[in-house]
Peer 1: 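Here's a structure for you.
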Amino acid sequence: MALITTKGASYFSSSSSSSFAHQSKYFNQFDVFLSFRGEDTRSNFVSHLYHALCFRGIHTFIDNNLERGKEISIELFKTIENSKMSIIVFSEDYASSSWCLDELTKIIECRKNNQLVLPIFYKLDPSEVRKQQGKFGEALTRHEERFKDKKKVQRWRKALCEAGKISGWDYKNSHNEYDLIQEIVEEVSKSKLNQMELYVAKYPVGIKSRVEDLITYLNIESNEDVYMVAICGIGGVGKTTIAKATYNKILHHFKAKVFLENVRERSKTIEGIICLQKILLSKILGDRNLEVCNVSSGIAMINERLCGKRVLIILDDVDNLDQIENLLGKCDQFAPGSRIIMTTRNKRLLVTLGNGISTYIYEVKELNEYEAIELFNMHAFGSNEPNGDYLELVHEVIHYAKGLPLALIVMGADLCGRSKLEWENSIKKYDKIPNGDIQKILKISYERLDENEKNIFLDIACFFKGYCMDYDKVVDILEKCDLEPVDGIARLIDKCLVTINYGNKLSMHDLLQRMGREIVRQESPQNPGERSRLWRCEDVLNVLTENMGSNKVQSIMLYSRKPKKLHLKAQMFRKMKNLRLLTIRNVHCCGQLEYLPNGLRLLDWRKYPLPSLPSHFSPKNLVVLNMVFAFKSMSYVDFSRCESIRKIPDLSMSPNIKELKLSYCKNLVEIDDSVGRLDKLEVWNLSRCDKLETLPSCLTMKSLRFFNLLFCKSLKKFPNVSREMKSLEELHLYGTGISELPPSFGNLTGMIELILGNSEAGHLHIPGSIYNLQRLQHLFLFGDFTFLKDVELLRNSYGGFSKYAFPSLNLISLTAVPNPSEMDFILNYCCPPSLECLWIHDSKIVTFPKITGRLRSLELVNIKLCNELGEIPSLPQIPHPNSSSTISPAFVPSPYYSFPEYHCMFDGYGDEIPNWFNHQSNENSISFLIGPEFPTIALCFAIEITPTETVKARSCNFVYYVFISINGGDRLFSMVQVSSCVNSTIPSSQLEVPFINHY
């Protein structure tokens with residue numbers, strides 16, 4: 001076979017397979033596949049055309065040796081599929097070759113997949129091909145006689161008919177062959193440039209899956225709308241790379257297409273914008289001679305000339321709407337089926353676009369760990385198999401980069417070929433000073449911010465990221481810093497610089513944080529006291545101990561992983577008059593302090609060592625104080641575990657407090673009356689304040705939702721509630737010294753959960769006004785108490801309830817209640833039939849309360865430490881979900897069962913099974929006979945716990961599994977309990993369904 005290579009040299013081979021091997025050595029994909037009948041055109045027209053194509057750099061496949069009688073090879077079919085276009089040279093005897101006809105059929109098949117097909121009718125009329133006339137008709141007749149497979153010939157006829165309809169070139173003897181070939185080459189060259197794929201990446205790790213995800217947003221098959229997708233993400237995450245790969249993947253679906261790179265950078269000048277407009281118009285229209293006079297005329301041309309065209313346009317690195325308008329015009333002039341993709345760091349760019357355009361945002365995620373390791377290894381080692389000595393260092397780099405492709409590529413190239421020692425030194429350097437190439441790319445986003453956004457970004461990067469504070473609190477603080485945090489943070493989120501995590505905390509990518517901190521470090525590389533923000537422990541200690549501070553310092557975070565000591569100097573903060581944020585943690589301080597800046601908005605110094613703040617310290621704008629006192633604009637106060645505080649002073653000048661946390665203030669004795677009038681206070685926690693004696697005499701708060709007085713054992717009196725407080729939903733009053741609640745207690749009408757009583761203290765008198773709490777859902781009662789029991793009086797005086805005191809109650813817990821009559825009253829007059837949960841703990845009751853037939857919604861009855869309980873009457877019967885006498889197999893549960901109707905548990909820390917169980921065994925199983933009716937089975941099992949394990953066992957849950965077998969049918973039941981001895985009852989209705997087929 002004679003083969004003409006793409007270099008134009010003649011090469012002879014004994015088989016066609018060598019021709020594939022030779023050409024494939026140079027090209028995996030050909031620009032053009034030439035299909036022709038060798039005997040007709042091999043030595044003249046096709047040879048000249050082939051050389052002309054090769055001369056223009058168009059990679060062309062040509063197989064110039066057709067061996068008769070052989071089937072076309074699979075390799076040749078694959079070559080056709082992988083070619084960007086096919087040129088068919090139809091000559092007189094083309095149809096006489098079954099090989100040519102097989103090629104043609106494959107080419108027409110590929111045309112349906114958007115492959116370009118260009119026919120040349122060499123010295124014959126196109127109608128002869130289309131209608132199979134003349135020699136084409138004669139050849140096909142012979143094929144029908146020769147081949148038994150009539151369907152194959154029919155496919156050939158269909159392919160010829162379709163190819164004859166394609167617009168191409170009609171070559172006659174009168175035409176100039178040279179001019180025709182030049183015309184063909186020009187058309188192919190233009191088509192090749194239009195179909196040329198973009199270079200994506202040296203190692204496109206993780207790109208394929210992201211491109212596939214993005215294409216689902218594009219809905220390529222739909223021609224009903226214009227789709228616009230913004231590829232968003234931080235700098236260096238791979239937006240442009242994904243856009244290029246997507247362009248390559250879908251370009252064959254569009255005749256008119258263009259990829260415009262670096263739109264932001266090139267749009268900085270008028271000339272750059274006009275250049276972009278000219279490129280877009282010439283690529284879409286195929287006219288290289290277009291003139292664009294100015295930006296406005298360019299927009300007008302785009303609106304007019306591209307109107308109704310189905311286009312693929314990709315704009316790379318767009319950051320404002322002007323750029324979109326300059327290059328897309330009105331955006332609604334494109335034909336349905338058009339696709340517009342842009343890469344941007346601003347999510348909100350598409351928000352204002354509408355007009356029938358379907359807009360979507362595709363946010364690029366960082367590489368996962370496996371992808372990150374592969375990408376770094378390829379750049380650092382040239383393969384995904386690094387030297388074993390470097391594995392630990394590789395993981396340090398991966399941890400540093402946090403999946404950002406830019407960082408992995410830059411560091412991989414930087415470390416490639418270096419020694420292990422050089423790796424270690426470089427990684428240490430990265431930690432202190434970010435790599436310049438990475439910094440440059442990430443800093444672009446920062447440079448586009450306005451002054452407000454820059455300050456907020458740097459505050460988050462240098463202070464609030466990693467600082468355990470809710471978004472709302474940060475907003476309150478930054479507002480007092482004369483910033484606009486609501487708008488500013490929203491814009492930072494839109495620009496992919498900041499995120500709000502699931503815990504409602506502000507966060508950002510680690511490398512963005514490093515970028516921000518490097519910007520601050522560059523403010524004064526040698527003198528940290530001249531920087532705006534300080535966060536490195538060494539820098540802060542150096543500034544404070546050496547008195548190096550200045551008016552430029554705005555925030556200080558002094559946090560040491562290991563405890564450190566700091567000797568306070570009286571005037572160490574004197575030079576830092578603009579300090580806004582100060583946090584000191586895990587640093588033991590001693591000495592004196594006579595000055596703190598009055599401009600502080602946040603003061604977090606939980607272990608403040610001095611008995612008082614500086615005498616002239618008057619922070620009028622303080623928002624958060626995690627230490628001692630409160631001030632006017634302060635919203636969140638956390639004094640928790642401040643053992644030195646004894647009194648909460650007058651807070652009337654702090655009306656904006658929302659949270660006041662005072663738990664575990666062991667020496668707190670008194671709270672000023674002004675706290676009871678804080679209308680914005682929502683959360684007030686005083687739990688475990690052992691010495692607290694005095695609360696405000698009156699509560700009038702409008703916003704209080706949660707009030708916790710648990711274990712305030714020295715507290716003897718609850719405040720008067722002078723007016724209705726609908727907002728208070730939870731009140732915890734267990735473990736106090738209160739013996740009587742005021743009559744005004746009923747003004748807490750919004751109560752949903754109430755904990756009352758003292759298991760160790762004296763009697764608690766509960767006023768009748770408690771029945772005003774008609775929204776009460778959860779009631780926990782402890783110890784000795786008395787309810788007012790004149791029911792008729794209650795109905796007339798409180799709430800107007802018809803039958804039950806608390807109609808919304810669904811859970812009641814009775815712990816250490818000594819009076820059975822009190823328990824009976826509560827269960828019969830206070831609890832509605834809708835009660836779902838009943839807990840009775842640590843009671844001396846002998847007989848279970850009589851609730852038969854009334855509490856029909858009970859789902860859980862929990863009894864613990866009731867050691868004298870000797871009898872349980874029948875519990876209310878709950879209708880079975882299948883009320884008919886015949887149970888359909890469709891309702892038979894799986895072999896695993898819980899106890900949804902009743903789960904009656906009697907827990908104690910004893911180690912003996914009660915003697916009223918009439919079947920007992922020391923083994924792990926027991927057998928006995930039952931009667932003709934389904935029984936209710938009471939189970940008791942005890943586990944031996946060694947003395948050394950007793951304490952541990954008390955804090956653990958035990959999971960019990962019980963296998964019950966009745967007449968050969970086995971079923972598994974389970975329960976979870978906290979003790980080693982448990983008693984449970986399985987009602988007959990529970991046994992009926994699982995064993996219906998065995999009883």
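Computed over heavy atoms, backbone and side chain alike; hydrogens, waters and symmetry mates excluded. These numbers come from a predicted model, not from an experiment.
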Peer 1: Does D414 reach the main-chain N or O of V410 with its side chain, forming a donor-acceptor pair under 3.5 Å?
Peer 2: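 It does not hold such a pair.
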
Peer 1: Kindly write out the residues that satisfy side-chain contact (heavy atoms from CB on, under 4.5 Å) with Y360, not counting sequence neighbours, or none if the list is empty.
Peer 2: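 Listed in chain order: Y217, Y227, V229, S358.
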
Peer 1: Taking CD in E385 as the centre, count heavy atoms belonging to other residues, nucleotides or ligands within less than 6.0 Å. Is the count above 12?
Peer 2: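 Check fails, neighbour count at 12 or below.
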
Peer 1: Using only atom types and a distance under 3.5 Å, with no angle test, would you say the side chain of T60 pairs donor to acceptor with the backbone of I58?
Peer 2: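 Yes.
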
Peer 1: Has the side chain of E186 got a donor or acceptor atom that lies under 3.5 Å from a matching backbone atom of E183?
Peer 2: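 No; judged by distance alone, with no hydrogens or angles, the pair does not exist.
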
Peer 1: What distance do E374 atom CD and N384 atom CG have between them, rounded to the nearest 0.5 Å?
Peer 2: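 E374 atom CD to N384 atom CG measures 4.5 Å (nearest 0.5 Å).
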
Peer 1: Would you check, one step at a time, whether the test side chain to side chain contact (heavy atoms under 4.5 Å, CB included) holds for Y390 with K420?
Peer 2: CA-CA 7 Å; Y390 289 78; K420 189 175 179 181; 4.1 Å; yes

Peer 1: Hey, are the side chains of L251 and F259 touching, using non-hydrogen atoms and a 4.5 Å cut-off?
Peer 2: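 In short, these two side chains do not touch, never coming nearer than 4.5 Å.
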
Peer 1: Among K106, R111, E103, Q115, which residue satisfies the side-chain hydrogen bond (donor to acceptor under 3.5 Å, both in side chains) criterion with S86?
Peer 2: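 The passing option is Q115.
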
Peer 1: With the side chain counted from C-beta on, respond yes when C331 and I324 share a heavy-atom pair under 4.5 Å apart, and no when they do not.
Peer 2: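 The answer is yes, as the side chains (C-beta and beyond) meet within the 4.5 Å cut-off.
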
Peer 1: Any donor and acceptor pair, going by atom type alone, linking the side chain of T343 with main-chain N or O of T240 inside 3.5 Å?
Peer 2: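 Side chain of T343 to backbone of T240, a donor-acceptor pair under 3.5 Å: no, none is there.
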
Peer 1: Using residues 398-405 as the side-chain source, report each donor-acceptor pair under 3.5 Å to any protein atom, sequence neighbours left out, with the distance given to one decimal.
Peer 2:
from, atom 1, to, atom 2, distance (Å)
Y400, OH, Y430, O, 3.1
K402, NZ, H399, O, 2.8
K402, NZ, D510, OD2, 2.9

Peer 1: Measure across F381 and P386 and return the closest heavy-atom pair with its distance rounded to 0.1 Å.
Peer 2: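 Smallest interatomic distance, heavy atoms only, reads CE1-CB, 3.2 Å.
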
Peer 1: Extract all donor-acceptor atom pairs below 3.5 Å that involve side chains of residues 266-274 and protein atoms in other chains or at least two apart in sequence.
Peer 2:
from, atom 1, to, atom 2, distance (Å)
R266, NH1, E261, O, 3.0
S267, OG, V263, O, 2.7
K268, NZ, E265, OE1, 3.2
K268, NZ, E265, OE2, 3.3
T269, OG1, G272, N, 3.0

Peer 1: Atom SG in C232, atom CZ in R348: separation rounded to 0.5 Å?
Peer 2: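 It is 11.5 Å, given to the nearest 0.5 Å.
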
Peer 1: Tell me, with the steps shown, if H253 and L312 meet side chain to side chain contact (heavy atoms under 4.5 Å, CB included).
Peer 2: CA-CA 9 Å; H253 293 273; L312 168 63; over 6 Å; no

Peer 1: For the CD1 atom of I441 and the CE atom of M515, what is their distance to the nearest 0.5 Å?
Peer 2: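 The distance works out to 11.5 Å.
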
Peer 1: Check L511 against A407 and note the closest heavy-atom contact, atom names and distance.
Peer 2: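 Heavy-atom minimum between the residues: CD1-CB, 3.5 Å.
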
Peer 1: Apply salt bridge (Lys or Arg N to Asp or Glu O under 4.0 Å) to E518 and K443, showing your working.
Peer 2: CA-CA 10 Å; E518 177 61 13; K443 195 176 178 181; over 6 Å; no

Peer 1: R339 and D225: which non-hydrogen atoms are nearest, and at how many Å?
Peer 2: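 Residues R339 and D225, closest heavy atoms: NH1-O, 3.3 Å.
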
Peer 1: Testing the basics here: between S167 and P119, what is the closest heavy-atom pair and its distance to 0.1 Å?
Peer 2: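 Minimum heavy-atom separation between S167 and P119: O-CD, 3.6 Å.
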
Peer 1: Test your reading of the model: is there a side-chain donor-acceptor pair from E424 to the backbone of L393, 3.5 Å cut-off?
Peer 2: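 Not a single qualifying donor-acceptor pair exists.
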
Peer 1: Would you call L449 and L497 a side-chain contact if the rule is heavy atoms closer than 4.5 Å?
Peer 2: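 Sidechains of L497 and L449: in contact.
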
Peer 1: Is I234 close to V237 at the side-chain level, that is, under 4.5 Å between some pair of heavy atoms?
Peer 2: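 They are in side-chain contact.
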
Peer 1: Which pair of heavy atoms, one from L328 and one from I302, lies closest together, and at what distance?
Peer 2: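 Closest heavy-atom pair between L328 and I302: C-CG2, 4.0 Å.
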
Peer 1: Could you tell me whether a side-chain N or O of S35 sits under 3.5 Å from a main-chain N or O of I88, the two making a donor and an acceptor?
Peer 2: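 Side chain of S35 to backbone of I88: no pair is present.
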
Peer 1: Is N377 reaching over with its side chain to a backbone N or O of S383, donor-acceptor style, under 3.5 angstrom?
Peer 2: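 Looks like no, no N/O pair under 3.5 Å.
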
Peer 1: Check whether any side-chain N or O of R264 sits under 3.5 Å from a backbone N or O of D316 as a donor-acceptor pair, and report yes or no.
Peer 2: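 Not at all, since once roles are kept as given, no pair shorter than 3.5 Å links the two residues.
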
Peer 1: Can you list the residues that meet the salt bridge (charged side-chain N to carboxylate O under 4.0 Å, His left out) rule with R448, with sequence neighbours excluded?
Peer 2: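 Salt bridge (charged side-chain N to carboxylate O under 4.0 Å, His left out) list for R448, sorted by chain: D317, D319.
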
Peer 1: Are side-chain heavy atoms of F457 and M508 found at a separation under 4.5 Å?
Peer 2: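 Yes, close enough: below the 4.5 Å cut-off.
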
Peer 1: Decide if atom OH of Y199 counts as having more than 12 heavy atoms of other residues, nucleotides or ligands within a radius under 6.0 Å.
Peer 2: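 Enclosed.
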
Peer 1: Report yes if the side chains of I438 and M411 come closer than 4.5 Å at any heavy-atom pair, otherwise no.
Peer 2: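 Answer yes - side chains close enough.
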
Peer 1: Which value, rounded to the nearest 0.5 Å, describes the distance between D102 atom CG and T105 atom OG1?
Peer 2: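 D102 atom CG to T105 atom OG1 measures 6.0 Å (nearest 0.5 Å).
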
Peer 1: Grab the two heavy atoms, one from L415 and one from W423, that are nearest each other, plus how far apart they are.
Peer 2: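 The pair with the smallest heavy-atom distance is O-NE1, 3.0 Å.
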
Peer 1: Could you work out, with salt bridge (charged side-chain N to carboxylate O under 4.0 Å, His left out) as the rule, every residue matching E392, not counting sequence neighbours?
Peer 2: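 E392: no salt bridge (charged side-chain N to carboxylate O under 4.0 Å, His left out) contacts found.
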
Peer 1: Is there a side-chain contact between D31 and V188 (heavy atoms, below 4.5 Å)?
Peer 2: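 A side-chain contact under 4.5 Å is absent here.
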
Peer 1: For F30 and N82: C-alpha separation, side-chain torsions, deciding distance, then whether side chain to side chain contact (heavy atoms under 4.5 Å, CB included) applies.
Peer 2: CA-CA 7 Å; F30 290 89; N82 293 329; over 6 Å; no

Peer 1: In Å, rounded to the nearest 0.5 Å, how long is the span from CG of D332 to SG of C307?
Peer 2: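 With rounding to 0.5 Å, CG (D332) is 8.5 Å from SG (C307).
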
Peer 1: For the pair E162 (side chain) and A159 (backbone), establish whether a donor and an acceptor sit closer than 3.5 Å, ignoring hydrogens and angles.
Peer 2: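 Judged by distance alone, no pair lies under 3.5 Å.
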
Peer 1: Between Q277 and V292 (side chain of the first, backbone of the second, donor and acceptor by atom type, cut-off under 3.5 Å), is there such a pair?
Peer 2: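 Checked: no pair found.
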
Peer 1: Scan K347, K239, R210 and name whichever one has a salt bridge (Lys or Arg N to Asp or Glu O under 4.0 Å) with E363.
Peer 2: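 Of the listed options, the one satisfying the test is K347.
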
Peer 1: Under the rule for salt bridge (charged side-chain N to carboxylate O under 4.0 Å, His left out), what residues qualify as partners of E366, not counting sequence neighbours?
Peer 2: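 Applying salt bridge (charged side-chain N to carboxylate O under 4.0 Å, His left out) to E366 gives none.
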
Peer 1: Can you tell me how far the CD1 atom of I284 sits from the CZ atom of F254, to the nearest 0.5 Å?
Peer 2: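 It is 10.5 Å, given to the nearest 0.5 Å.
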
Peer 1: Do the non-hydrogen side-chain atoms of R310 and K257 ever get within less than 4.5 Å of each other?
Peer 2: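 They are not in side-chain contact.
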
Peer 1: For W169 and F45, I'd like to know if the aromatic rings sit close, meaning centre-to-centre distance below 6.0 Å.
Peer 2: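 No, the ring centres sit 6.0 Å or more apart.
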
